[in-house]
Amino acid sequence: MNQETKQRIAQPLQDFHLPRYQEIPDVGLYLEQAAKYISGAVSPLGDTPLTGSMISNYVKKGLIASPVKKQYSRDQIAYLIFIAVCKSVLSLDGLAAFIRIQQQTYSLPKAYDYFVEEFESLLRFTFELTDTVDMFPENGSDEKRLLYTCIIAAVQKVYLEKYLEALTEENNQ
């Protein structure tokens, strides 16, 4: 793959930004609004969007709390963004386990912001948009080590899919 193709693949991720906890709307979002907001946030990753039926299924499975008056809160949206990013590398049970671990160890705003910052940092590094990445410290907790492993898997899946898509396009031309 030539350098021009690599740059074309990486460019949409140069300014990729998942909303931080405080940037997530704190007014309740209805199901389809929540699905649209989350899918828009993760769309540059190229994975399938989060649909209303998927969100309803996550509620039924107990991954997130039921909406209040049919509206999803900032907390629920944060969990759903995490799920949207990691659903392709974790089973429903794995996603539920991560949520339980987070609830036992860190506040949601702190855990969520840590997750998105680490994800973005590793994504930019993997796509060669930056020369450095804040590597997870070796003396970190088991919980952080598990999260970092999940982030690595999700980023590598995005990388693999983007490059396979580009190679397929090149071969078809």
Side-chain angles (χ1 to χ4, degrees), residues 9-10 12-13 15-21 23-25 28-67 70-127 133 136 142-166 168:
I9 294 167
L13 300 171
D15 297 320
F16 178 72
H17 173 81
L18 286 170
R20 299 310 189 254
Y21 184 81
E23 296 170 349
I24 296 171
L29 296 179
Y30 291 103
L31 180 62
E32 292 307 317
Q33 291 172 318
K36 185 176 180 178
Y37 177 80
I38 295 160
S39 294
V42 301
S43 66
L45 302 177
D47 205 2
T48 57
L50 208 62
T51 64
S53 62
M54 293 167 79
I55 293 171
S56 295
N57 191 41
Y58 297 139
V59 171
K60 287 178 191 171
K61 298 284 184 182
L63 270 70
I64 64 167
S66 295
K70 298 185 179 183
Q71 294 181 332
Y72 292 84
S73 68
R74 178 182 282 166
D75 285 2
Q76 291 163 307
I77 301 296
Y79 282 124
L80 287 166
I81 291 172
F82 169 78
I83 291 167
V85 170
C86 297
K87 68 182 171 60
S88 64
V89 297
L90 289 172
S91 66
L92 285 177
D93 289 340
L95 291 166
F98 264 101
I99 291 170
R100 279 192 307 274
I101 289 168
Q102 174 272 308
Q103 291 170 338
Q104 294 169 359
T105 55
Y106 297 99
S107 70
L108 179 57
K110 182 176 181 176
Y112 174 80
D113 284 347
Y114 177 81
F115 164 73
V116 297
E117 288 166 9
E118 291 296 317
F119 182 81
E120 290 171 3
S121 175
L122 188 57
L123 188 71
R124 287 187 186 90
F125 178 77
T126 301
F127 279 87
V133 66
F136 178 75
D142 289 339
E143 293 84 3
K144 281 189 177 180
R145 205 169 289 120
L146 283 172
L147 179 62
Y148 204 72
T149 301
C150 177
I151 292 169
I152 291 169
V155 166
Q156 291 299 315
K157 185 175 184 303
V158 170
Y159 181 83
L160 180 62
E161 288 179 350
K162 294 272 186 195
Y163 276 87
L164 287 175
E165 182 181 302
T168 302

With side chains defined as the heavy atoms from C-beta onward, is the minimum distance between [X] and [Y] less than 4.5 Å?
X	Y	result
Y37	Y72	no
L123	L13	yes
F115	C86	yes
Y106	Y114	no
S56	L31	yes
P19	Y112	yes
K87	L50	yes
Y163	F127	yes

Looking at [X] and [Y], what are the two nearest heavy atoms and their distance?
X	Y	result
L90	C150	CD1-SG, 3.6 Å
V85	S88	O-OG, 4.3 Å
G40	P44	O-CD, 4.0 Å
L63	A96	CD1-CB, 4.2 Å
I151	F119	CG2-CA, 3.7 Å

Output yes when a side-chain donor or acceptor of [X] lies under 3.5 Å from a complementary backbone atom of [Y], and no otherwise.
X	Y	value
R20	P109	no
S121	E118	no
E120	E117	no

Show every donor-acceptor pair shorter than 3.5 Å between a side-chain atom in residues 73-83 and any protein atom, with sequence neighbours excluded, or say none if there are none.
{"unit_1": "S73", "atom_1": "OG", "unit_2": "D75", "atom_2": "N", "d": "3.4"}
{"unit_1": "S73", "atom_1": "OG", "unit_2": "Q76", "atom_2": "N", "d": "3.3"}
{"unit_1": "S73", "atom_1": "OG", "unit_2": "Q76", "atom_2": "OE1", "d": "3.2"}
{"unit_1": "R74", "atom_1": "NE", "unit_2": "Y21", "atom_2": "O", "d": "3.3"}
{"unit_1": "R74", "atom_1": "NE", "unit_2": "I24", "atom_2": "O", "d": "2.9"}
{"unit_1": "R74", "atom_1": "NH1", "unit_2": "Q22", "atom_2": "OE1", "d": "3.3"}
{"unit_1": "R74", "atom_1": "NH2", "unit_2": "I24", "atom_2": "O", "d": "3.1"}
{"unit_1": "D75", "atom_1": "OD1", "unit_2": "Y21", "atom_2": "OH", "d": "2.2"}
{"unit_1": "Q76", "atom_1": "OE1", "unit_2": "S73", "atom_2": "N", "d": "2.6"}
{"unit_1": "Q76", "atom_1": "NE2", "unit_2": "A65", "atom_2": "O", "d": "2.6"}
{"unit_1": "Q76", "atom_1": "NE2", "unit_2": "S66", "atom_2": "O", "d": "3.2"}
{"unit_1": "Y79", "atom_1": "OH", "unit_2": "Q102", "atom_2": "OE1", "d": "2.6"}
{"unit_1": "Y79", "atom_1": "OH", "unit_2": "Q103", "atom_2": "NE2", "d": "3.3"}

Hey, what do you get for [atom1] ([X]) to [atom2] ([Y]), rounding to the nearest 0.5 Å?
X	Y	atom1	atom2	result
K157	K162	NZ	NZ	11.0 Å
D142	T105	CG	OG1	11.0 Å
S39	I55	OG	CD1	7.0 Å

Open item on the list: Walk me through whether T126 and Q156 qualify under side-chain contact (heavy atoms from CB on, under 4.5 Å).
Closed with: CA-CA 8 Å; T126 301; Q156 291 299 315; 3.7 Å; yes
Open item on the list: Any carboxylate oxygen within less than 4.0 angstrom of a Lys/Arg side-chain nitrogen, looking at K36 and E32?
Closed with: no
Task: Partners passing side-chain contact (heavy atoms from CB on, under 4.5 Å) against E165 (at least two apart in sequence or in another chain) - done: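 Counting only residues at least two positions away or on another chain, E165 forms a side-chain contact (heavy atoms from CB on, under 4.5 Å) with E169.
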TODO: Take E23 and H17, measure what side-chain contact (heavy atoms from CB on, under 4.5 Å) needs, and give me the verdict at the end.
DONE: CA-CA 11 Å; E23 296 170 349; H17 173 81; 2.8 Å; yes
